[in-house]
Amino acid sequence: MQTLQDTGLRDPQLLKCCSYINGRWHHSEPTLAVTNPANGEVIAEVSNAGIAETELAVSAARNAFKAWSAKTANERATLMRAWFNLVMENQDDLGRLLTLEQGKPLAEAKGEIAYGAGFIEWFAEEARRVYGDTIPAPSGDKRIVVIKQPVGVVAAITPWNFPNAMIARKAAAALAAGCTFVVRPATQTPLSALALAELAERAGIPAGVFNVVIGDDAKGMGKVLTQHPDIAKFTFTGSTPVGKALISQCATTVKKVSMELGGNAPFIVFDDSDIDAAVDGALVSKYRNAGQTCVCTNRILVQQGVLNEFTEKFTAAVAALKTGDGLAEGTQVGPMISSDAVSDVEALVQASVAAGAKVVLGGAKDGSGDAFYQPTILSGVTNEMPIAKNEIFGPVSPIIAFEDETDAIAMANDTDYGLAAYFYSRDIGRIWRVAEGLEYGMVGINEGIISNAAAPFGGVKQSGNGREGSKYGLDDYLEIKYLCMGGLNR
Ligand SMILES: O=CCCCC(=O)O
């Protein structure tokens, strides 16, 4: 019999179990169980909302838009700064809640809270810098002026792998621009989203500006969020196949869309690399969040001359990783999100071994629980094997050998995805050639962790469009309006 787990929060009011719509907590029956992937225990039962509640949230956001967009940038920034402060004051509790529902190690979870809060802080400041433009007109009796205005109501669907930061990154940009916001978070991880709503309310963000609807009717709620005429923009982080379906639904009302979709990140180690640094970079890039991140390294491409040295050092480093419950002291790799996710990874590994790959380390379920998979390394992989073609989303490193720079770039680009890529080299000429040759939206050069609020996050090809964070991150939430001022000579 599963029991409700004691969350151990210092502030128990952060554990919310209802959708947050128009500044109110909406209870409905039946409920959805939120479970801890580390042990399968039920953490909470959350009201299961559906189409009606989603429509209510959209109408709340529409009604709140006029007053929110009319606030000065300074007023919005002040409220957002208060929200940021509250998130950071509650970092320990929010991190704990995140680990309980998602599984990642507590230190990583707290890191995610600070990372997510960083977007609230960043966009609170950027709100003050939504500048317009004047353009020289083609005739003397006219002036051309450009202003920027919020697009309107923004709808979002966010994933379970970053249950705080993916909401914060989207909502912060939307609210700063003057938009109102409705999010449907993943049903596996609703608690982090609801805690953010509780803190938004405490910060004084007005009712209807930030709404969270929790429910397992993905299709029905998704249809409202992609087709409702009152929604101007839709933003999604998740897989490429789901993203494609959502884009086509958005086409029915010609919504602005931004998509952060799947990745197949190459991590290239050239023979002139600092191998120890490359090992460190690959370790964090691959094994953070148990490999369940769209920018996680998916393929490690190593030049023949350093293949043995890199493989030996990397294997020693991965073997030393401590796996376990994310709340346990010293855990570096937690569970995956579910036993189904483990089965998917298992199938990819088995298919690749059948095709000729060799297991250097791991290669099986971990005895710690149903959702655990051992940190794994495969050698002798080719770019054609299933493990290299698919987004792994698990703690497996396929090592692929290459001969030269041209080979490496061609192999790295041989995918429909184009989110993040990484490479290690000390040769300045090579650094420029490879950085420019990689068909990716983000490139880590001698660096395995590239995400931060100041940088533009996003992909090319089938990894999506739009950029989140950075000075570019507000663009997707703003419309450009051209004012043609005529009759100046009269
Ligand atoms: O799966 C994608 C989540 C994005 C993680 C990041 O921002 O680094």
Side-chain angles (χ1 to χ4, degrees), residues 14 16 18-26 49 53-87 90 94 116-117 119-128 130 148-158 164-185 190 192-214 221 224-225 228-235 255-256 258 468 473-474 476-479:
L14 289 175
K16 293 289 180 209
C18 304
S19 290
Y20 181 73
I21 302 168
N22 203 20
R24 295 213 179 88
W25 300 99
H26 274 248
E53 289 86 351
T54 310
E55 284 172 343
L56 205 61
V58 174
S59 119
R62 186 201 53 213
N63 293 338
F65 175 70
K66 201 165 171 211
W68 181 251
S69 57
K71 283 192 185 299
T72 63
N74 201 37
E75 286 166 338
R76 288 197 296 270
T78 303
L79 289 165
M80 290 179 67
R81 164 63 65 174
W83 192 19
F84 161 77
N85 287 337
L86 283 166
V87 171
N90 290 281
L94 295 176
F119 290 100
I120 302 177
E121 182 183 43
W122 175 269
F123 283 116
E125 291 162 5
E126 284 297 294
R128 299 184 168 99
V130 177
K148 292 186 183 168
Q149 293 180 304
V151 292
V153 176
V154 173
I157 295 182
T158 53
N164 173 291
M166 293 305 97
I167 296 175
R169 183 153 83 185
K170 294 176 191 302
L175 268 55
C179 302
T180 53
F181 190 79
V182 179
V183 60
R184 176 186 179 267
S192 295
L194 296 173
L196 267 178
E198 166 68 14
L199 295 174
E201 182 173 80
R202 290 186 199 176
I205 307 264
V209 171
F210 179 75
N211 304 275
V212 182
V213 279
I214 310 293
M221 295 165 83
V224 175
L225 296 177
H228 198 297
D230 287 342
I231 294 172
K233 180 197 161 67
F234 178 77
T235 169
K255 295 196 195 315
K256 230 173 149 75
S258 47
E468 295 188 328
L474 280 185
D476 279 337
Y477 297 86
L478 293 165
E479 285 293 3

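Computed from a predicted model, the values in this text were never measured in an experiment.
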For this session: Enter the distance from L474:CG to E468:CD here, rounded to the nearest 0.5 Å.
Result: 11.5 Å
Exercise. Are any of the side-chain heavy atoms of R128 and N74 separated by less than 4.5 Å?
Worked result: yes
Exercise. Of V58, T54, V213, V212, which is the lone residue that meets side chain to side chain contact (heavy atoms under 4.5 Å, CB included) with I21?
Worked result: V213
Problem set entry | Rounded distance (nearest 0.5 Å) linking atom CZ of R169 with atom OG1 of T235 | 9.0 Å
Exercise. Between V183 and K170, is any pair of side-chain heavy atoms under 4.5 Å apart?
Worked result: no
For this session: Keeping the roles fixed (side chain from S19, backbone from I214), state whether a donor-acceptor pair exists under 3.5 Å.
Result: yes
Exercise. Do S192 and L94 touch side chain to side chain, with heavy atoms closer than 4.5 Å?
Worked result: no
Problem set entry | pair P206-L79: side-chain heavy atoms closer than 4.5 Å | yes
Exercise. To the nearest 0.5 Å, how far apart are CG in L225 and CZ in R184?
Worked result: 8.0 Å
For this session: Hey, could you give me the NZ/OG1 distance between K71 and T78, rounded to the nearest 0.5 Å?
Result: 10.0 Å
Problem set entry | Side chains of F210 and L199 in contact at under 4.5 Å (non-hydrogen atoms) | no
Exercise. Is a side-chain donor or acceptor of R62 paired with a backbone partner of V153 at a separation under 3.5 angstrom?
Worked result: no
Seminar exercise, completed: Nearest heavy-atom approach of S69 to P150 is CB-CG, 3.8 Å
Exercise. Is the side chain of K233 donor-acceptor paired with the backbone N or O of Y477 at a distance under 3.5 Å, no angle test?
Worked result: no
Exercise. Quick one: are L56 and H26 in side-chain contact, heavy atoms under 4.5 Å?
Worked result: yes
Problem set entry | Contact summary for A73 and A127, nearest pair of heavy atoms | CB-O, 3.3 Å
Problem set entry | Inter-residue atom distance T180.OG1 - K66.NZ, 0.5 Å rounding | 13.5 Å
For this session: For N211 and G208, indicate whether the former's side chain and the latter's backbone hold a donor-acceptor pair under 3.5 Å.
Result: yes
Problem set entry | R81 side chain near E121 side chain, heavy-atom distance below 4.5 Å | yes
Exercise. Which heavy-atom pair separates A176 from F123 by the least distance, and what is that distance?
Worked result: CB-O, 3.2 Å
Exercise. Are the side chain of K256 and the backbone of V154 linked by a donor-acceptor contact shorter than 3.5 Å?
Worked result: no
Exercise. Taking side chain as C-beta onward, heavy atoms only, is L14 less than 4.5 Å from R202?
Worked result: yes
Problem set entry | Nearest heavy atoms of L194 and W25, plus distance in Å | O-CH2, 3.5 Å
Exercise. Nearest heavy-atom pair of L196 and A168: which atoms, and what distance?
Worked result: CD1-N, 4.4 Å
Exercise. From I157 CD1 over to I167 CD1, what is the distance, rounded to the nearest 0.5 angstrom?
Worked result: 11.5 Å
Seminar exercise, completed: When every non-hydrogen atom of A171 is compared with those of W83, the smallest separation belongs to CB-CH2, 4.4 Å
